[in-house]
Structure formats: structure tokens, C-alpha cells
Amino acid sequence: MTDPSPSLATPYRTHTAGQLRAADAGTKARLAGWVHRRRDHGPLIFLDLRDRHGITQVVIDKADAPDAHATANRVRSEFVIAVRGTVAKRQLGTENPRLPTGEIELQTTEFEILSEAKTTPFYINEPDAPVDEGLRLRYRYLDIRRQPMADRLLLRSRMVQAIREVHHANGFVEVETPTLIKSTPEGARDFIVPSRLQPGSVYALPQSPQQLKQLLMVAGIDRYFQIARCYRDEDLRGDRQPEFTQLDLEMSFVDEETVMAFIEDMAIEVSKATTPERPLQQLPFPRFTYDDVIERFGSDKPDVRFAMELVDLAPALTPASGFKVFDEALAAGGRVKAIVAPGMAGITRREIDELTERARRFGAKGLAYLALEPGGEFKSPIAKFLSEEAQRAIVELSGAGEGDLVLIVADAAAVTADVLGRLRAELGERLGLADPTVLAYLWVNRFPMYKWDEELGRWDATHNPFSGVVPEDEELLVTASGDPARPSPEDPAGRARALQYDLVLNGWELGGGSVRIHRRDLLERSFLLQGQTTDGMRDKFGAVLDAFEFGAPPHGGIALGIDRWAALLAQQTNIREVMAFPKTQSGSDPMLEAPSAPEPEQWEELGLRFVGLPPKPAVGG
Ligand code: ASP
């Protein structure tokens, strides 16, 4: 007999609905759960009783248990019931090999209805039937009753458990940081919460616990982690939600290598604990510099489960190809690069127009192509402008074979990379080039520290305002092109590389982190470049600047998106699929009906009045 799991047995049940086996035949058992399905055979009623652990067949025979039969007659799908009876082997030929409990049934003597249920807005017992997402979110508790959603939440729970175990085994301390804080900028808008005790003042919900975790390092908690809820008020996409969860951590007395090595081991363990059947593409995780990934994949979060690398066509086009668009782009210091879409030579006019339109939307002026038809013929509207030799050289350089399509962009370097990078990602998906079971982790580092913000006349940290600088580049930060308090696009800092590293999985940025600046003077210099005034710095980052005067250890850390990671491990393309109660595209919760208008007393207590939104500027004005 299998042991009833002591932790799951309750006054209502001796076993879960996934537990009983042939070896239990003859024993008495009690089960409680939902009616998954009911089949009436006159004096015999068969019910599938379901809980999150499985399904057990329950039989009620009118001859043996007339009262139970009468009650069972009343139940409908999704009623909650409790039954008592004897476990029996099913008759030969009626076993259900698809259920772990399929060899037995519970012959019921007592039957109780614990709770009735209305007809549900969608079937719970048809997990594959498509259901409108709005309905799923409105009745999320019913959606979670369905197997796929429940399975994903369990996977997420296993993943977080594995994360905690690895961290504890490696000497990390789990610390909770507050969520009513002051703005910690991570490049998004803050959600703010008005204070009742201090009218006119607000808290900000953390975009991340960045400053607090750095303060924990100054406090001597040399290895911190937290499964941290973060809030960023920005437009929603498939991989974004206004509130989301990060694995946030920070370590003292480390360099880049220490953090990356720990994260890599941790990610491998978590992947194996969560989805042991999925192969890891490459160990150790491949590392690319930012310049490398942009050059080769046109993206700082490439999906490397397939190749389709960007090819530099310049050698095929110099000194001059004869095609003005290419020659001009190269003469202006731009790039002419290509990707090869395997097997797409037969693309129709309409499809190529669509691709061109997409390339334009991504910022290109146009998209050139060259199809290599079976038999070796070229088909290309630009062929007439290119010498035979240039055409052959393009094909050779790109490695295109018969039946392939070469897509070419000629533009400023950044545009060429970005457009081809996006097309690469889209085509990889469309052509099914990536093995969905493979987990391809990789690192990207050596990002530029800043990018120039033309509009605001200052440098912007490309990642985190606290990021450290690659030691050889520190000098670039210290030297200013003019007044150190007045950033200029000529500042040598524009060439400095950050001690920043991003972890990428299957084309998604899982997260990133850095070794931080831990010296007040250098941090202040970095803030000046980022356009902060002395007062502004004090206001935004005063606690960290002050703390750095009391002995700050060298430190670094990272944050990984738990929702993204869980979605990727669950082979989902939207993080909503791994969140119990996510928000819709417009940031609302259709189940709780949030956000909603505050009660009049709440306005009053907070000393607030809604004055309406400023009028929208007239179109064209
Ligand atoms: N605070 C950063 C973020 O939320 C991560 C880090 O640098 O640790 O992206």
C-alpha cells in the first residue's frame, strides 16, 4: 500500500486524487475535490474527481449506496464533493492507462456535496480548448484550475525553491527590503503612493532594490538575495508587466568573474531542477562583448539556437559595386550587411513587400535582396546595378546556397545592425529555426558605459547609474572635455566600457548587473556626466553617497527577471502565462477591477483632489 502523504491528508481526505494505485485495492479511503466529469449509467454513476494532484474515478452504485447515489445524481461539473469508500481494481479492460490512478476506482458508500457550482464560463476539463484571454483573466481562479496554468505555477514554484536552495547553499542571506521607498530609477516611471501622515509627500514603489542592496553591502551583509517585487510604470509588452518579480542579489569583495561564475552555476542548477529534460546548448555559457553581438547578431540579446549571423558585405563591394545605395552607405562610414534566410528564395512579391515594410518600420531606408534560385540563377531587382562579380562575391561571402534568400541593408552602422537583428529574430521564429526544447544561455558584457542624450545634453547610463567602469577605462571617466560639471558629447567618457554583464536566454534578456563604483568621488563624477547637479545627486542618491564615506566594500550584483525566466522554462512567449494574477495590456486587473477610483474619504485623508488630465495637444500642433 502507498503511504497516504501525511502532510496532505486532512479531515476531508486520506489521499489526494492523484495518489491511489492498484496496490491500495481493498483499503478504505476518503477523497475530496471537484467534479471533473460525470457519466450516468442508470444505477451506476461514474465521476472523475479532480484536485491539483490528479484525477480518480469514483463509482456510486445505487444498489450498494442508495443515499450516495441520490446525492451524486444532483452534482454537476465543478461541484466540490467529499466521498468515502473502498479502493477497487477496475474491471479488466476498463483501466485508463493515461491516468496514474487509472487502474483503480473508489467504490463509494458516502457522498457529500461541500459546495455547488454554477456553469463555468469556460470548460475546466478541456485544457486545450482555446479561451479568450479576457475571460481567463476575469475568472483567473477558474483558469488556474485548468491543468496547463496549474502546471506552470508549479513549475515556477519549483524554480523559486531551487533558486532559494542554491543561494542558501552558497552563503547568501535573504533580506526583504521595503516597497514604500524613494525613487530608485531604472529608466521607467515610478508608481507613487501618497502619504497620509505627510500630506503632499509621496513614496515611490521600487523599480528595483538597487540602492538598498548596495547599502546592505556597506552594512556588511556580504551576500544578499531577495525574490523582490518591482514596479515600473511603462507600456506593457509580452515580456513586461507593471509589477514583476526579480531575483535580486549583491555580493561583496567580488569582481565581474565571481558574480558571473556564481550566476552561471546557479542558472544551470535551477534549469536542471526545473526542466531536467531540456538540453543546455553550451557550457560554460558563451560570452560575447557588446560589440561582438551587435556585429554578429545585430542584437544585444540574440537567440543563438540558430546561426543566421550578419555578414559584412563590404569586401564584396569595394572599391565600388556600381550600386549607388551600397556605395554611398559605405562612403558615409555606414555598413552594408546581410542575413541569409534559408529556403526562402521562392518568396512572393507580396511577402518581400511585407518584409521591406517591416525593415522600414525598424528604421531602414529599404531592403535589398538577392534570391538564389534552384539551379543557381539570381533573382534580384538590384542585380542590374551590380556587376556579375559583385553578385558572386555577395553569395560567396554570405554562404547562401541554392534556394536561399540574401537580405541586405545598407545604412548607418547602428541602423543596419538593428534592422537585420530584428529581421533575423523574426525569420528565425517564422522558419522555426530554433529548437524549442534547447536552453541557450549566453553572457554579453563590455557594454558602453553611457550614451549621449542629445535632447537633455547629458550622458545616460546605458544600464545602471551605479555601474563601475572597466579598470583600463577609468581614466576616460575622470577626464572631461571641458568643465567636468558640464557634460559634452566630446567627453572621453563616451568611449568608456561598463563592468556590466547581461544574461540572455533564447533571445530574451533575462537580466543584468554590474560591479559597482564603490568610491564616492568616482560615483559623483559619473553622476555629473549623467547631468546630475550636486543637489540633485544628494536628493536622489544621498543615502548611498553618504554610506560610501563609512567604508564601502567593492561589490557587484545582478537581477534576473523571475517571470521571464519562468516563461522561458515553461516555453511560453508571454509572462502573463506564468503569473497567477497578471494585469492586462492596459495595466488593469479585470478580476479585482483595479485600478479603481478612490473612495471620497481617501481623497480627503490624503489631501488630494483630482483636477483632470491636462488637455492633449491638438493633432499636428
Ligand atoms: N538593479 C538592476 C536592475 O533592476 C540590476 C542590477 O544591476 O543589479 O536591472
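Because only heavy atoms are used, hydrogens play no part in the values below, and waters and symmetry mates are left out as well, while side chains stay in. Numbering of ligands and ligand atoms starts at 1, following listing order. If you're wondering where the values come from, they're calculated on a predicted model, not measured in any experiment.
No close placement of the H518 and F253 rings is indicated, their centers lying 6.0 Å or farther apart. For H167 and F262, the ring centers sit closer than 6.0 Å to each other.
Residues meeting the ring-ring contact (aromatic ring centres under 6.0 Å, His included) test with W452, sequence neighbours left out: W459. Residues passing the side chain to side chain contact (heavy atoms under 4.5 Å, CB included) test with F527 are P465, F466, L523, Q530, Q532, M537, F541, L545, sequence neighbours excluded.
Of the protein's non-hydrogen atoms, the one nearest atom 9 (O) of ligand 1 is E186 OE1, 3.7 Å.
When the heavy atoms of R516, K213, R232, Q207 are ranked by distance to atom 4 (O) of ligand 1, first place goes to R232. Nearest residue to atom 5 (C) of ligand 1 from G512, G557, G513, P209 is G512 (criterion: closest heavy atom).
Counting heavy atoms from C-beta outward, R232 and R240 have side chains that stay 4.5 Å or more apart.
Less than 4.0 angstrom separates some heavy atom of I558 from each of these atoms of ligand 1: 8 (O). Less than 4.0 angstrom separates some heavy atom of A559 from each of these atoms of ligand 1: 5 (C), 8 (O).
With a 4.0 Å cut-off on non-hydrogen atoms, S208 touches ligand 1 through its side chain and not its backbone. If you look at N464 next to ligand 1, the close heavy atoms, those under 4.0 Å, all belong to the side chain.
Within the 3.5 Å criterion, the main-chain N or O of L569 finds a donor-acceptor partner in the side chain of R278.
The closest approach between any non-hydrogen atom of Q246 and ligand 1 is below 4.0 Å.
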